[in-house]
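Notes to accompany the following structure.
Lettering follows sequence order; numbering is per chain, from 1.
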Protein chains: 2
Amino acid sequence: MQITRASEYAIRAVLFMARSPYRDVVLKKDICRTQDITPAFLTKIFQPMIKHGIIGSQRGVGGGFFLAKRPEEISLLDVIRAQEGEILLNTCLEEKGTCSRDMICPVHNTWRELRETMLESLSGKTFTDLLQTEQEIQKNLQQNA
Amino acid sequence: MQITRASEYAIRAVLFMARSPYRDVVLKKDICRTQDITPAFLTKIFQPMIKHGIIGSQRGVGGGFFLAKRPEEISLLDVIRAQEGEILLNTCLEEKGTCSRDMICPVHNTWRELRETMLESLSGKTFTDLLQTEQEIQKNLQQNA
DNA sequence: TGATTGTTGACTTGTTCCGTTAACTTTCTG
DNA sequence: CAGAAAGTTAACGGAACAAGTCAACAATCA
């Protein structure tokens, strides 16, 4: 019941890119250095993100990665889904018919509702929200210093 | 991001026992046969449940398992916690200090809130609730038949 | 005493997590 | 056009976890 390191790193990376001007190319090594991710692993993490249209890539000299969408259009759910696929909680939510107890299982609906809540919560948090939260945290830290 | 088979089976087993009168001993093989769980695996699943005081056991002839609490005192969260430990969503929620980014991470609070929501939802569902839901499902099925 | 039950710990098999490695392609610069 | 600087892809590998199994043991009852 935990997100993977890949999801955590992906969130960090997107948040880092969201701090640069929109569509600016950032260097992989800059992401890795600041966010504590190994280059090889970041490469792997970025591939599904590219396929999902969250980030873009530029090859060759001066190449790198950039956000393919504006931060307000990217949610935590988008990133997690790119890394881990659908959030399901229990196998019985996978496909109609997978659960032979489908029609009589009194827990089924609880899983479905809880899943809905999670999806709403995660899709409601965009990286613009996170940037704003970040600024508020830093303001509070300075005030208390 | 899924519950384990062990949790699923544990929930099934408790639900089954909750249908018998309180503290009645039920046979392992009856649980296994009706709930599609292998005896050896159920044995393993039941041990942490006993330690958590959710179910009790009786050795010897005529022995078996029984609910150590009333169904209304057992929640889905109790069973899941017995099987899987704490629900944490991200390692940064584990222990104070585990996350070096603790003070500046803008996502931290989202994890914490989402976790709270899940805990509330799961602790709010008792096995009395599930039994009632079950009866409603069966009533609806009969009406539509 | 012996059959019937639960207890415990070690074991197995398969999958997922968390990466690494190496060969390859694209792009820019001189 | 050569070569350096990037990203791409597929395969590999160790560790941990999931999902069970097994066998020796302890307790209980008839």
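- Whole-Å rounding puts the B/Phe46 CZ to C/dT7 P distance at 10 Å.
- Here the side chains of B/Trp111 and B/Leu88 are not in contact, with every heavy-atom distance at 4.5 Å or above.
- When the side-chain nitrogen and oxygen atoms of B/Gln58 are compared with OP1 and OP2 of C/dG6, none of them lie within a distance under 4.0 Å.
- Note on A/Ser57: a side-chain N or O is less than 4.0 Å away from OP1 or OP2 of D/dT8.
- Distance CD (B/Gln2) to C1' (D/dC17): 14 Å, rounded to an integer number of Å.
- The shortest distance between side-chain heavy atoms of B/Arg12 and B/Leu15 does not fall below 4.5 Å.
- In this structure, the CZ atom of B/Arg12 is 14 Å from the C1' atom of D/dA19, given to the nearest Å.
- Between the NZ atom of B/Lys51 and the C1' atom of C/dG6 there is a distance of 13 Å, given to the nearest Å.
- Rounded to an integer number of Å, the gap from CD of B/Glu8 to P of D/dG20 is 11 Å.
- Within the 3.5 Å criterion, the main-chain N or O of A/Leu89 finds no donor-acceptor partner in the side chain of A/Arg115.
- Using a 4.0 Å heavy-atom criterion, one finds that A/Ile50 contacts the sugar-phosphate atoms exclusively.
- Using a 4.5 Å cut-off on side-chain heavy atoms (C-beta onward), B/Met1 and A/Glu86 make no contact.
- Looking only at side-chain heavy atoms (C-beta outward), B/Pro21 and B/Asp24 come within less than 4.5 Å of each other.
- Rounded to whole Å, the distance from CZ on A/Phe65 to P on D/dA5 is 17 Å.
- Side-chain atoms of B/Phe65 and B/Val14, non-hydrogen and from C-beta on, never get closer than 4.5 Å to each other.
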Heavy-atom protein contacts under 4.0 Å, nucleotides 17-22 of chain C, coded B base, S sugar-phosphate only, - none: SBBBB-
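- When rounded to the nearest whole Å, the span between CE of B/Met1 and P of D/dA18 equals 14 Å.
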A/Glu134 and A/Arg19: CA distance, side-chain angles, deciding distance, side chain to side chain contact (heavy atoms under 4.5 Å, CB included) verdict: CA-CA 11 Å; A/Glu134 192 172 56; A/Arg19 291 195 203 107; 2.7 Å; yes
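- Counting heavy atoms from C-beta on, the side chains of A/Arg81 and A/Ile87 never come closer than 4.5 Å.
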For residues 66-77 of chain B, please give each side-chain donor-acceptor pair under 3.5 Å, one per line with the distance, not counting sequence neighbours.
| unit_1 | atom_1 | unit_2 | atom_2 | d |
| --- | --- | --- | --- | --- |
| B/Glu72 | OE1 | B/Thr128 | OG1 | 3.4 |
| B/Glu73 | OE1 | B/Arg70 | N | 3.1 |
| B/Ser75 | OG | B/Leu77 | N | 3.3 |
| B/Ser75 | OG | B/Asp78 | N | 3.1 |
| B/Ser75 | OG | B/Asp78 | OD2 | 3.1 |

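- Counting any heavy atom pair closer than 4.0 Å across all strands shown, B/Gly60 reaches a base atom.
- Within residues 19-30 of chain B, no residue approaches DNA chain D, by heavy-atom distance under 4.0 Å.
- Rounded to whole angstrom, the span from the CZ atom of A/Arg59 across to the C1' atom of C/dT26 amounts to 5 Å.
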